[in-house]
There are 2 protein chains.
Amino acid sequence: MVVANMVVTSLFVANMFVTLGAMTPSNERPSRRERPAKPALTRDGIIQAALAIARADGLEKVTMRRVAEQLDTGAASLYVYVRNTADLHAAMLDEILATVDLTPATAAGPWRQRLAAVLTSYSLVLFANPALAQSAMASRPSGPNYLSLIECLLTLLKAGGVPDDQAAWGVDLLMLYATGIAAEQGALSGRAEAHDEYHALVAALRGADTARYPEIARLADQLVSDGDRLAWGFQAVIAGIAATPR
Amino acid sequence: MVVANMVVTSLFVANMFVTLGAMTPSNERPSRRERPAKPALTRDGIIQAALAIARADGLEKVTMRRVAEQLDTGAASLYVYVRNTADLHAAMLDEILATVDLTPATAAGPWRQRLAAVLTSYSLVLFANPALAQSAMASRPSGPNYLSLIECLLTLLKAGGVPDDQAAWGVDLLMLYATGIAAEQGALSGRAEAHDEYHALVAALRGADTARYPEIARLADQLVSDGDRLAWGFQAVIAGIAATPR
DNA sequence: ACCTGAACACCGTTCAAGT
DNA sequence: ACCTGAACACCGTTCAAGT
C-alpha cells in the first residue's frame, strides 16, 4: 500500500467516514479496534479492485500481486476466488458488459439506427475500459450479459427483415467490428508509445512515395481524416449484411 | 539449450553440414575450432528465431531470454539490435507481411473477387502465425509491406468505382475485419483453454433459455454453422463500403 | 474453508566491465 | 562496437502450514 492512487485514497476516505460514523452516539457497538477490519475478500471485490487498477493504469498492471496488494492481502489468497489471470480478465469483461445500453432494441425509430445505437453503446463501454477491449478480442465470452447483447442484435436484424442465415453470421461481423475498433482505440490510448506509432503511420501515409504508393499519396488526407467513422462503419457493415446473400 | 525442438535440431543439422563441408579438400581454410562458430548475431537472425518460437509455442513464449537462449547468447545481447519486446513484435509482424500475395491486384477478374483474394491472403498469413494477429490488432504497423497492402486495397476499390472518401475509410474497415478474424482464430488455436471457451460458448448458445433468449435459441444452429464465413464476410464488408455514402 | 508466507520458475531491462 | 554476467524489480502459481 505504498503507491498512492485514487482508489486507495477513496477507500481511505470511505474508511474515515465509517470511523467517524462509529464515533457518533447513534452507534451502539463500536469496534474494539481503532481501524475498521478490512473488507472480507470476495470474488466481486477482487473484480472491482482489478477493474479500478485497469482503468487507472491499464490491463497489464492488473497482476495478481497488485490486486492482492490493493486488497491488503497476498496474491495466493486470490486463488480461492479466481482460477487464474485469464479467469480474472474474463470476469472483468463480463462485469462491464452489464453496463451496455440495450434499450434501443425496444425503442422507436428505424432499425438501423437502433442497431447502431446498441453497438455504439457496446463500443463506448469498451472505450471506457480500453484495456479490456483487447481481451474481449481474444477471449470467447459466454456470460449472460454477452448473450443478452447477441439476443438484442438478432432481434434488431430480424426487425429489419434480414434473412436468418445472414443475421446469424452477421452478428459475428458486427461484434468483430465493434470490438476491434475499441481494441484499436484501447491500444492507442493505453500505451505511451502508441501515439508515436500513430504519428509514424500518419507521417508514413503523408510522406508516401508518390511513385510507389500513388493511391496512398493521393488519398493521404482522406485516410487520416476525422469524422464519425464509427457511425459510418456500423452503417456500412449493417448494409453489407443486409445486402449479401449466402 | 536443454529443451529439444525442431529449430534447434535443424540448426544442428545445418551446422553438421557446414562441418562436413569444411572437411572436403575443396575447402582451403578449415576452422581451427572443431565446432563452427555460432552465427553472428543480426537483427534479422533475432527476428527469424523469434518467429520460429512463435510458430512453435506461441507469441507468449517469445521472450527475450528464450530468443537469446535459442541464439546461444544472453538476453542483454539482443538489446544491441532490438529496442524492446514491442519493437521485436513489430519487426516480426512486418517480416511476415512480406509474404502476402498482392498479385490479384493486377490479375483479371471481377474487382470484388480480387479484393477478397488479397484480403484472404493477408488473413491466411496471420492464421499461419496466429500469435501475431493479436499484436497486429494492437499495434499500428507503418512498414513498407503494410503500405503496399493498403495501396493494393485502394487500387482495387478504385477499380471498382468506389468513391474516394468511402474507399479511404473503407480500407480501415477491411483491415480491421481481416485482422480481427485472424486474431480471433489465433486466440482460438493458440491457447489450450480456448477450445473449452469455444465449447462453452456453443453450449451456451445451444442451451440458451428459450424465454430469455428466443432469437439465440431459434438460430443456435445457424450461429455456429460451418461454411465459408471468411469469404461471405469480405463480400458483405465490401458491399457495405461500396453502398454507404458518407 | 479460508488465508498466509515462502518458494519455484520464470519475466524485461539496465549497466558496469570486458573484448 | 559489440557482448556478457550480474543485478534489479518484477511476474503467476503452488503448497505446506496455519486459523
Side-chain angles (χ1 to χ4, degrees), chain A residues 1-3 5 32-33 37-47 49-50 53-54 56-92 131 134-135 138-139 190-194 196, chain B residues 1-3 5 32-33 35-47 49-50 53-54 56-92 131 134-135 138-139 190-194 196:
Chain A
M1 209 71 92
V2 180
V3 181
N5 65 39
R32 208 170 316 176
R33 283 165 295 189
K38 65 183 180 187
L41 223 46
T42 61
R43 182 169 226 263
D44 200 59
I46 291 167
I47 294 165
I53 294 171
D57 300 323
L59 190 64
E60 74 279 4
K61 292 292 173 59
V62 179
T63 64
M64 292 306 222
R65 287 177 135 100
R66 191 113 146 51
V67 173
E69 188 195 17
Q70 189 95 138
L71 295 170
D72 211 4
T73 183
S77 303
L78 304 182
Y79 285 80
V80 177
Y81 305 98
V82 156
R83 189 196 301 272
N84 50 35
T85 309
D87 181 34
L88 177 60
H89 287 176
M92 293 167 71
Q134 277 137 297
S135 80
S139 72
R191 296 175 306 131
E193 72 218 309
D196 300 342
Chain B
M1 209 68 92
V2 179
V3 182
N5 65 38
R32 210 167 318 175
R33 284 165 295 189
R35 314 193 81 205
K38 65 184 180 186
L41 222 48
T42 61
R43 182 169 225 263
D44 200 60
I46 290 167
I47 294 165
I53 294 170
D57 300 323
L59 190 64
E60 74 279 4
K61 291 290 175 59
V62 180
T63 64
M64 292 307 222
R65 287 177 136 99
R66 190 111 148 53
V67 173
E69 188 195 18
Q70 189 94 141
L71 295 168
D72 211 3
T73 183
S77 303
L78 304 182
Y79 286 79
V80 177
Y81 305 97
V82 156
R83 189 196 301 273
N84 51 34
T85 309
D87 180 35
L88 176 60
H89 288 175
M92 290 166 73
Q134 275 136 297
S135 81
S139 74
R191 296 175 307 132
E193 72 219 309
D196 300 342

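Atom set for the values below is all heavy atoms of this structure, side chains included, hydrogens, waters and symmetry mates excluded. Naming convention: chains lettered A, B, ... in sequence-line order (proteins, then strands); numbering from 1 in each chain.
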Partner set under side chain to side chain contact (heavy atoms under 4.5 Å, CB included) for Ala91(B), not counting sequence neighbours | Arg43(B), Ile47(B)
Set of residues satisfying side chain to side chain contact (heavy atoms under 4.5 Å, CB included) with respect to Thr42(A), sequence neighbours excluded = Asp44(A)
Between dA9(D) and dC10(C), how far apart are the P atoms? Round to whole Å, please.
-> 22 Å
Contact boundaries of DNA chain D with chain A (under 4.0 Å, heavy atoms), 5' to 3'?
-> dC11(D) to dC15(D)
For Ile46(A) and Leu88(A), the nearest pair of non-hydrogen atoms, with its separation, is CG2-CD1, 4.0 Å
Which part of the nucleic acid, if any, lies within contact of Ser77(A), taking any heavy atom under 4.0 Å across all strands shown: a base, the sugar-phosphate backbone alone, or nothing?
-> base
Give the stems involving DNA chain D, where a stem is 3 or more consecutive Watson-Crick or G-U wobble pairs (i with j, i+1 with j-1, and so on) under 3.5 Å.
-> C:4-8 with D:12-16, C:12-16 with D:4-8
Specify the residue among Ala76(B) and Leu41(A) whose closest nucleotide of DNA chain C lies further upstream toward the 5′ end.
-> Leu41(A)
Within the side chain of Tyr79(A), is there an N or O that forms a donor-acceptor pair under 3.5 Å with the backbone of Asn84(A)?
-> no
Indicate the atoms forming the closest heavy-atom contact of Val62(B) with Ile53(B), along with that distance.
-> CG2-CG2, 4.0 Å
Any idea which heavy atoms bring Met64(B) and Thr85(B) closest together, and the distance?
-> CE-N, 3.9 Å
Partners meeting side-chain hydrogen bond (donor to acceptor under 3.5 Å, both in side chains) with Ser77(B) (sequence neighbours left out) = Thr73(B)
With sequence neighbours left out, what residues match Arg65(B) under side chain to side chain contact (heavy atoms under 4.5 Å, CB included)?
-> Thr63(B), Ala75(B)
